[in-house]
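Everything on this sheet refers to the single structure shown next.
All values reported here derive from a predicted model rather than from experimental measurement.
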Amino acid sequence: MATSMASNAGIKSRGAVVKGKSPSRLAFERFMRNPLAVAGTVILLAIIFVTVGAPLFTHYSPSAMNIMNTNAPPSAAHPLGTDQSGYDNLTRLLYGGRVDLTVAFSAGVMTLVIGTIYGGISGFFGGWIDNLMMRFVDVMLNFPFVVFILFLEAVFNTSGELLLITVVVLTSWPASGRFMRGVFIQLREQDFVIGATTIGAGTWRTIFRHMLPNTVGTLSVLVSFAVAGYVGLEAALTFIGLGLPLTVASWGGMLSDASNYTAMTTQPYLWLPPAIMIVLTILSVNFIGDGLRDAFDPQMRS
Amino acid sequence: MKRKKALFSAAAVMTLSTLFAGFGGIGGAFAATAHRAPIVNGGTMVQTFPTAFGLNFIPFLSTSAYTAQATAYSFDSILRFNRKDQLSADIVNKWSVSPNKLTYTFWINPKARWSNGTYITTADIKLGVDWLLSTSYNKTDGGAYGYLLSNVAGVPKSGYLPDGQTPSGFKILGPREFSVTLQQADAAALPAGLAAITPLPAQILGKIPMSKWKGSAFDLHPWVGSGPFITTSVVPGQSITQKANPYYVLGRPHIAQNVWKVISVDVVNGDLASGQVTIAGIHAIDAAQMKKVPNLNLSVVPTNGFDYLGWRLNNATFGSVFSQVKFRQAVEYALNRPAMIKALYAGYGTVENGPLPPINFWYNKALNGTYAYNPAKANALLNSIGMKIKNGWRTMPNGQPFTPTLTISSGNATIQRQADFIQHFLQAVHINLKINPPINFNTILNQLNSDANGKQPIQAFLLAWSLSNDPDPRGLWRSTDNLNTVTIDWTNPKDPAIQLNDKLIHESHGMAAYNINYRIATLNKWQALLNQQLPENFLFDQSTVTAYNKNLHGVVFTPYGNLDPQKWWLSTGN
Amino acid sequence: MVSYVIRRLLGLIPTLFIITVIVFSLMHLMPGNAFQALVGLNPHIKDAAKVIAQRMANSGLNLSWPQQYVNWIVNLLHGNLGTSFEFQQPVTTLIGTALPNTVTLALTAELIILIIGIPIGVFQANRVNKGFDISTSLFAVLLYSVPGFIFALFLIFIFSFTLNWLPSMGTVTAAVPWSGDLGDRIQHLILPATALALPSVAYYTRLMRANTLQVFFQDYVRTARAKGLRSGRVLFRHVLRNAIIPITTQFGFDIGGLVGGAVILEQIFTWPGMGELTINANLNRDYPVILATTLIFAVMVLLGNLIADILLASMDPRVRYN
Amino acid sequence: MWERGRPVSTLESDLALKKSQGKSILEVRNVKKYFPIMGGILRRTVGHVKAVDDVSFSLPEGETIGLVGESGCGKSTLGRLIMRINDPTAGSILMNGRDITRVKGGQLRKLRHDFQMVFQDPYSSLNPRMSVGSLIAEPLIVNRRGSRSDIQSEVVRLLEIVGLSPEARLRFPHEFSGGQRQRIAIARALALRPKLIVADEAVSALDVSIQAQVLNLLADLRKEFGLSYVFISHNLAVVKHVSDRVAVMYLGRLVELAPKRQLYNSPLHPYTQALLSAAPEPKRHANRERIVLVGDVPSPAKPPSGCAFHTRCPKVMDVCRSERPVLKEYAPGQFTACHLYT
């Protein structure tokens, strides 16, 4: 008698077996229908392409200084001129992007990984574990960035990309940890997670099979916004002298070099390109982030 | 916008002989700006500090160089250095020295008055002396100038006396006459110490215990002074406003108001162009662009200082190479310093081959042209000490790889570029110099300070000194000097060259040095020694480029600063 | 309510305690100290090591860390934050001049954010997917994507360097009769506050638009519309009141964030606030100032969060003090 | 601060238990669930929300008990307590005569084979990122029931049982309607061959026509697999459709427990009467008196003294305000807690 109902309530067979579209697949399709998100992706890929493939676009090496040709205005040989060390500015711009993107992406991913693990443990187990872990997050959230970066610089006797990534991650994970805790607490109360327990799934299965896959949307949105934020942060820190060494090619560094009255008013070729690259990168990543959010959470779309 | 790091600055000293002999090595070389129009009184001029200033304005108290600059406008010392870099009359207009060179007698200018009109007396001088030697002053962090009077008779070894106690060497001989007796004769005693005695207003500060001076109302805002401009208001972190002192001993200033404003070096050019700032130092690299600004004049004067590349001679890893004179000479030949000056300072700088800049009166002209850029000679020298080339890079004489590292401070792009260039040129002679990521300046100091065993990570470093009026090598160059240990490391007492160095320095300020020719000869010998030994690799001296509004006249630009503000004036209209 | 606030305030204490302990330890693990820079390089101090030791003793730096920390806490409870090594001023004096500047800047920025961000967001939602909405939304993303310091550079370039309309630095004009007048101060505030506010304006606009849209589709709004209420009335009576709740929370969180964000802009605008004080103190190992600025930043952030929670609780009857 | 007055006698619940016949699949004994309320500066416990306050009943094998009451009366909490999703504050739950109240960890996981749950919202009870096939297979995989191919064929069988085609296993929950999803959820619950299913508002999120289909499916499955149900719903009509006995809850307490027919035809408790009069019942006589309850449901944090219902009861007496009524049998098999009948 149970089978008799198949005709009116079940999905009718359409001959060949049709495989369903997974939510990720659907999200991807929605993403690809969003013109801004696609534009953002294209721009970002283009930026990655020109930075990673920098040697294809310039035959200068980023470390080939020409002390006899410093502060040169734009010319055919140097479309953006040369800097005070005689480096080709276009070359520095392209190679500098590598540094910016490396810092932003690795810091973004690491922050999220740490945040997810920390927030996941805190949110899933709750109780005193959660309480203790969140108190620690409170402390870290209020921890002064400047103290941290100067401390690490002084103690490890170094500065550079690795230190910058470390500092960014050390100061940013608490926020993502707290956020992910909220996500996990919300998930923990979802019927399908409770349901997983009632069918006898263990803790780890519940976390990895049921909870984590359902954070993918949130995570990808968070990563994209984090990356956008860190591109700006790297530039800002380098700009005020707390980030990368000034001779390392980076967009923040180039901007910092050119951020004085004389350069700004008379040499726009020095500061406009890095400023545009920074803004363009952040903009494209933000478009992607928006697109991801709309794709994963279609109800939010207006 | 960026953090600009102040370079090391060391107070060096000027000897007496200049004064009496009347030699003016540089006088006239940096003439005052021409003025044909009649002088106008009044107006406001704006000068700048690149970063925030300290808030203690009692003389000698602040450790901030900017505060000291503002304080110097409000309080004159008894004698001043004129545009020829000679000591000349200020609050004191007459002085004499006893035949044994131990007692100096001074007479206060009868016209010397405080800005409120009362006359400056020996009581004010005494207060200034007591202050420099007081426990309160010397026990605070600002007490860095107690040494100025440490040679005065009656000053204990500790260098200070109880508050208000006057040393036996200081005697009041009348309301306008006093004398100072020294413990030992010293050719540099007057310019190195006594000239800096600064009268303090006994009518005000005499009524407050010295222990309460710091942070007192007068300290935060000194409303009475003896200098050309008296502070009228202080906005912490932003500006100090000063008005002309009508009773200034050297004549009432033409300009009615002087403002010191904190303006970042990156913005200052714009404010100069718009006229919001009257006079300010600018980056040499911007000079060409600033020259085009219609309402600005530029002045370029050499600075009395030097940049250098230091090596830790006691370094555990590579010290055996660093301490070889021929290695350091090879480095000196390997560096194309004129090219570096052109790239770093748009050509506004001077190559230096010794511890004194060529503009200095005491400079040994025989040093000119030594160590011209010559990579072949550098290679020959390196070969001669057994540094063979293996896989393109030179090795230690024992065949070990030679990979010294250079440590530089963060936050200063110019220093980092300098390092880049040095690396570039040393690579050309097959020296594989690596540049460490820049680190905090304080960390560098700390590591240099505690490097007795050569185990600290610093192997080579870039630093700069700015000297003041007289190049007394004491304090920095003697093997026993603390600063030598820290920042030069040329201290091995068994090295005959170092023994000679110490002997020459000692002779340059002894009794015999009261003879100017003797002193010149000694200092020349000393410079030649350092030129040959190169305890460090002397690089160059960056010129000071000052931009100022065309309506500002009468400024005296010298390597020691812009002098005689009381004679500056502002024309109206533009 | 009162007990909630008191409880939250008491809850701040352990957090602050731990933060200061960590900062205290880090500070002392940093190589170098203030006196080495001040004394170590004076060529005329004969026995620098001894003098440094003496100075350290005078400042209590020769004691063990726990003892130093206890001393600091005891002094703090007496309202004494110590004396800056670098400036030779009581730290309270330094903070007293720096903090109001930073707070003024942050609050002005906050005001700009609210005045511009909320109405635009609401109007966007009201005309959703129309020309105004799409163009301003795009513009908002653009604004949001420009880091504050790049804004600052553009603003200085345009309004100070090129047009010469507004000052690019400081809080007052020096040496003019109107120095420090309200108008003078406002003139100086405009550029830094705008640079600080603009990225957040974009963020608030987006947030407000999303909130408003969300509320639009709630049943009670549909009901209100169905009852035939005019759309303006629906907007203000029903939508705004509910859509503004998350904004309020964000507002509180931002107080701390803006103060932190001001650090970079203060450098650019030579704004004599906490940022400059903090960075200088850290570079110069000015321990008392480092501790005090850390404490104040932490208190600002924590208070901001507290205010956010209280606002949220008082505006949304569903949230009560748990 | 547990209880202001005397401790509540367990007598009445014992009575209720004794009356149940046959072998009990589930026994709920004096179960309480109190959630602490924190307050004051030191965040001490200042009171409790008594979500479930001393509830007892038993469920014979193969029978369905319906739990009804307004939202917030504690019926869902009771369901979760039975499922051991939450732990009771006091009392015990017996499954097949075995006390499972304190069982934890692996042992509990093994016991869970016997009782499964169907949730209210089929949209949130199925992991959206798993295909239907893996959702239904999961209980089998987790509990290692057979080889991969065994499990696959079992999944197909389960899909057929709940009336879905085998192709459905390749699809994702979002591709199905609410009713279909609830069938998937039922298939998943059935996978382990449980003896008891707690259905928490299992059909209330569905359209009325679909409700009937799902209810029929549940009824069919009960016959086919000998299932017992705890059927939680606020909908009296639905409960009537599926239940053998019905328990009415008010503010965490049982106010009436009776066989279906008796409860619907001659409710004793004024609250039950009010509920029934408010429920739309097409078959009822049109002239039936309609009892309208006045006032709000009191907060479970501060339940009224005596009979919790006295604040809204149309037949309130003085004794109701002070004395708590005890659940007693007033008609055969029909228990109620009301002073009207003492």
Requested in this report: Please report the closest heavy-atom contact between C:Ser145 and A:Asn286, naming both atoms and the distance.
Outcome: OG-ND2, 2.8 Å
Report summary line: Scanning both residues in full, the closest heavy-atom pair of A:Gly232 with C:Pro147 reads CA-CG, 3.9 Å
Report task. Specify which of A:Thr265, A:Thr281, A:Val231 makes the most heavy-atom pairs with chain C at under 4.5 Å. Result -> A:Thr265
Query raised in the report: Would you say A:Gln186 has more than 12 foreign heavy atoms packed within less than 6.0 Å of its CD?
Result: no
Query raised in the report: For atom CZ of A:Phe179, is the number of surrounding heavy atoms from other residues, nucleotides or ligands below 6.0 Å larger than 12?
Result: no
Query raised in the report: Near A:Phe136 CZ, under 6.0 Å, is it more than 12 heavy atoms from other residues, nucleotides or ligands?
Result: no
**Report entry** A:Leu280 versus chain C, the contacting section by heavy-atom distance below 4.5 Å
**Finding:** neither
Report summary line: So, the part of A:Leu272 with a heavy atom under 4.5 Å from chain C: the answer is side chain
Requested in this report: Would you mind checking which part of A:Ala236 comes under 4.5 Å of any heavy atom in chain C, side chain (CB onward), backbone (N, CA, C, O), both or neither?
Outcome: both
For residues 10-19 of chain C, please give each side-chain donor-acceptor pair under 3.5 Å, one per line with the distance, not counting sequence neighbours.
none

